[in-house]
Asker: 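Quick one: the structure is below, and I'll ask about it shortly.
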Number of protein chains: 2
Amino acid sequence: MSIRRQAIEAGAPPGVSCRECALQAICLPAHLPSEEARALEAAVQRGRQLRPGVTLVRAGEPMGALFVVRSGSAKRYSVTLGGGEQVHGFVLPGEAIGLEGFASGRYTCEVSALEPLSYCRVPIRKLEQLLERLPGLRHEILRLLGQALDESQRLRGELAQSDARGRVAHFLADLSHRLARRGLSPTEFRLSMSRADIARHLGLTLETVSRALGTFKREGWLRVRARDISVLQPDALAALGGGIA
Amino acid sequence: MSIRRQAIEAGAPPGVSCRECALQAICLPAHLPSEEARALEAAVQRGRQLRPGVTLVRAGEPMGALFVVRSGSAKRYSVTLGGGEQVHGFVLPGEAIGLEGFASGRYTCEVSALEPLSYCRVPIRKLEQLLERLPGLRHEILRLLGQALDESQRLRGELAQSDARGRVAHFLADLSHRLARRGLSPTEFRLSMSRADIARHLGLTLETVSRALGTFKREGWLRVRARDISVLQPDALAALGGGIA
DNA sequence: ATCAGTACTTGACATGGATCAAGTTTTGCA
DNA sequence: TGCAAAACTTGATCCATGTCAAGTACTGAT
């Protein structure tokens, strides 16, 4: 806890404004009129880089802030009664962390870094003040929540309807799509999460995930070497995965 | 479409104010200071009762309003490429419809009545105006969205981790819990949805749902007669279902 | 560079749930 | 009230995926 406190610098260093950020096009301020973006930026704190494995928010903790990933990636999960992990998803740069906290004022899942993770932090107090006078931000926060809800439902549908290969294909196609939006290669990437994490996310076992990747490889859809993925036939994956928008 | 338009009366008839509504304790205005509740109420339109099978909102349609069920129940679903239904969930009195619309300004799933359905309607335009000046309402809408998100994730975890009996147990325990919050019996109720709907919601086949109910019956946890359910051992269900808060 | 620990792959086998196929009950309508 | 259609239950079979067990390939530390 004290580690996390230390990790946060008070206020935004002038050199790293949102306007200069690589994520400009997809991050929170992207859809805001410029004077709202400026007001938001003044409230944003920039966190120091976290090392892999470090937890950014814990379930049950009061919701002090909304976070946005600046670089790296993170895993959202909750711990079941049996001590197992339910992996809710993976967070990429420009994506928000902590939205479910609005439900009760406390976070309901854990988020920990998979790679070195840097992030921005918007204190809830400030956010609420800003919401009072920035209609664009109000709209944007609602949009973000609606989107998260919609995605969660869509993914649940996918889980309910697809077999193992379909789920893994969907996972890869979704990841590929999200990477592309960030200007990264949709065909060459490195998975930051383990097979076990993927499995727990998709409701499968790690062996089944491994086998699914194996068959995709054999069919010539992928090249797989440990966590490095090359997508050779994106269409085949997308078709099996049930269509990513 | 014209049917739906006709079904909506302009303004709230004086006799059915929120203060007199049976759902007072759990509905949207429940957590609002009274002057905010009054302002909200002035914006609420009351829809005429819809007959079972009638669709309240359609996927792709612009989000004109947020709805709240007053009585009856509804099914939220989307239609897949193959023409099948993915059932996202069931809506009970006091619960909101259309929240995912905030994502893009359009509804992303269909909602249709399972029983005779009456509802309230909050036009989005009015809602946005109110959000500008009612901090309590702002908070409440965020809470609602956060809650929906959290529930969706939790349910997905349940799907990913439980077997067929666990899912059906969870479904019943959840329903029981939600009915209780509405002042209805948590142990004696009538399912408004078909086995097929339950199955599509849980990612199972209707045969498997039927068999799960059969085993619960045999174990003495339930009495089942068609759609009438008596819960004899709520604890057993809750335990299998993985714990409902 | 080597080694130990972890992550991953692959194989054999068991099983829960899907599928196919009757039968039975319930419901809505005449 | 009775009939037809829909909803549901029950049974038999098969297959995908979980489980258990080895073996291989990374990765990071010394």
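Labels below follow one simple rule: chain letters A, B, ... track the order of the sequence lines, proteins then strands, and each chain is numbered from 1.
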Asker: Rounding to a whole Å, what distance do you find between B:M193:CE and C:dT26:P?
Answerer: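 Value for this atom pair: 19 Å.
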
Asker: In terms of the nearest nucleotide of DNA chain D, which residue is placed more toward the 5' end: A:D228 or B:A226?
Answerer: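 Going by which nucleotide is closer to the 5' end, it is B:A226.
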
Asker: Measure from CG on A:L191 to P on D:dT27 and round the result to the nearest Å.
Answerer: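 Rounded to the whole Å, the gap is 12 Å.
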
Asker: Heavy atoms, side chains only, cut-off 4.5 Å: are B:D197 and B:E85 in contact?
Answerer: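 Sidechains of B:E85 and B:D197: in contact.
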
Asker: At under 4.0 Å, does any side-chain N or O of A:R195 touch on OP1 or OP2 of C:dT9?
Answerer: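 Indeed, a polar side-chain atom of A:R195 lies that close.
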
Asker: Identify whether any heavy atom of B:R225 sits under 4.0 Å from a base atom; if not, whether one sits that close to sugar-phosphate; answer base, sugar-phosphate or nothing.
Answerer: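 Sugar-phosphate contact only.
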
Asker: Between D:dT17 atom C1' and A:R200 atom CZ, what is the distance in whole Å?
Answerer: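 That distance rounds to 18 Å.
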
Asker: Between A:S230 and A:E188, does any side-chain donor sit less than 3.5 Å from a side-chain acceptor?
Answerer: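 Result is yes, a qualifying pair exists.
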
Asker: Without decimals, in angstroms, what is the distance between B:R218 CZ and D:dT10 C1'?
Answerer: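 About 9 Å, once rounded to whole Å.
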
Asker: Output yes when at least one side-chain N/O atom of B:R211 is less than 4.0 Å from OP1 or OP2 of C:dA18, else no.
Answerer: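 So the side-chain polar atoms of B:R211 never come under 4.0 Å of the phosphate oxygens OP1 or OP2 of C:dA18.
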
Asker: Please tell me which of B:T205 and B:R190 maps to the more 5' nucleotide of DNA chain C, matching each residue to the nucleotide holding its nearest heavy atom.
Answerer: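 Going by which nucleotide is closer to the 5' end, it is B:T205.
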
Asker: Do A:V168 and A:T208 have side-chain heavy atoms sitting under 4.5 Å apart?
Answerer: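 No, side chains not in contact.
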
Asker: Which part of the nucleic acid does B:G203 contact within heavy-atom distance under 4.0 Å: base, sugar-phosphate only, or nothing?
Answerer: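 Sugar-phosphate: the residue B:G203, judged by heavy atoms under 4.0 Å, touches backbone atoms but no base.
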
Asker: Could you work out which one of C:dC8, D:dA21, D:dT9 sits closest to the side chain of A:S194?
Answerer: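 Nearest to the side-chain atoms of A:S194, counting from C-beta on, is C:dC8.
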
Asker: Tell me if a side-chain donor or acceptor on A:R156 pairs with a main-chain N or O of B:H88 at a distance below 3.5 Å.
Answerer: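 Checked: pair present.
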
Asker: Distance check: side-chain N/O of B:T208 vs OP1/OP2 of C:dA18, anything under 4.0 Å?
Answerer: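 Affirmative; the distance criterion is met.
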
Asker: Report the distance from atom CD of A:E207 to atom C1' of C:dC8, rounded to the nearest whole Å.
Answerer: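 Taking atom C1' of C:dC8 as the reference, CD of A:E207 is at 10 Å.
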
Asker: Picking from C:dC8, D:dA7, D:dA21, which would you name as closest to the side chain of B:R227?
Answerer: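 Nearest to the side chain of B:R227 among the choices is D:dA7.
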
Asker: Whole angstrom is fine here: how far is it from CD1 in B:I229 over to C1' in D:dT9?
Answerer: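 Whole-Å distance recorded here is 14 Å.
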
Asker: Kindly indicate whether the side chain of A:F67, heavy atoms from C-beta on, has any atom under 4.5 Å from the side chain of A:R121.
Answerer: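 Result yes, sub-4.5 Å side-chain heavy-atom pair found.
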
Asker: With a 4.0 Å cut-off on heavy atoms, is B:L206 in touch with a base, just the backbone sugar-phosphate, or nothing at all?
Answerer: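 Contact class for B:L206: base.
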
Asker: Please state how far atom CG in A:L159 lies from atom P in D:dT17, giving the value in whole angstrom units.
Answerer: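 In whole Å, D:dT17 P and A:L159 CG are 13 Å from each other.
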
Asker: Tell me the interatomic distance from B:Q161, atom CD, to D:dG18, atom C1', rounded to whole angstroms.
Answerer: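 To the nearest whole Å, that distance equals 14 Å.
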
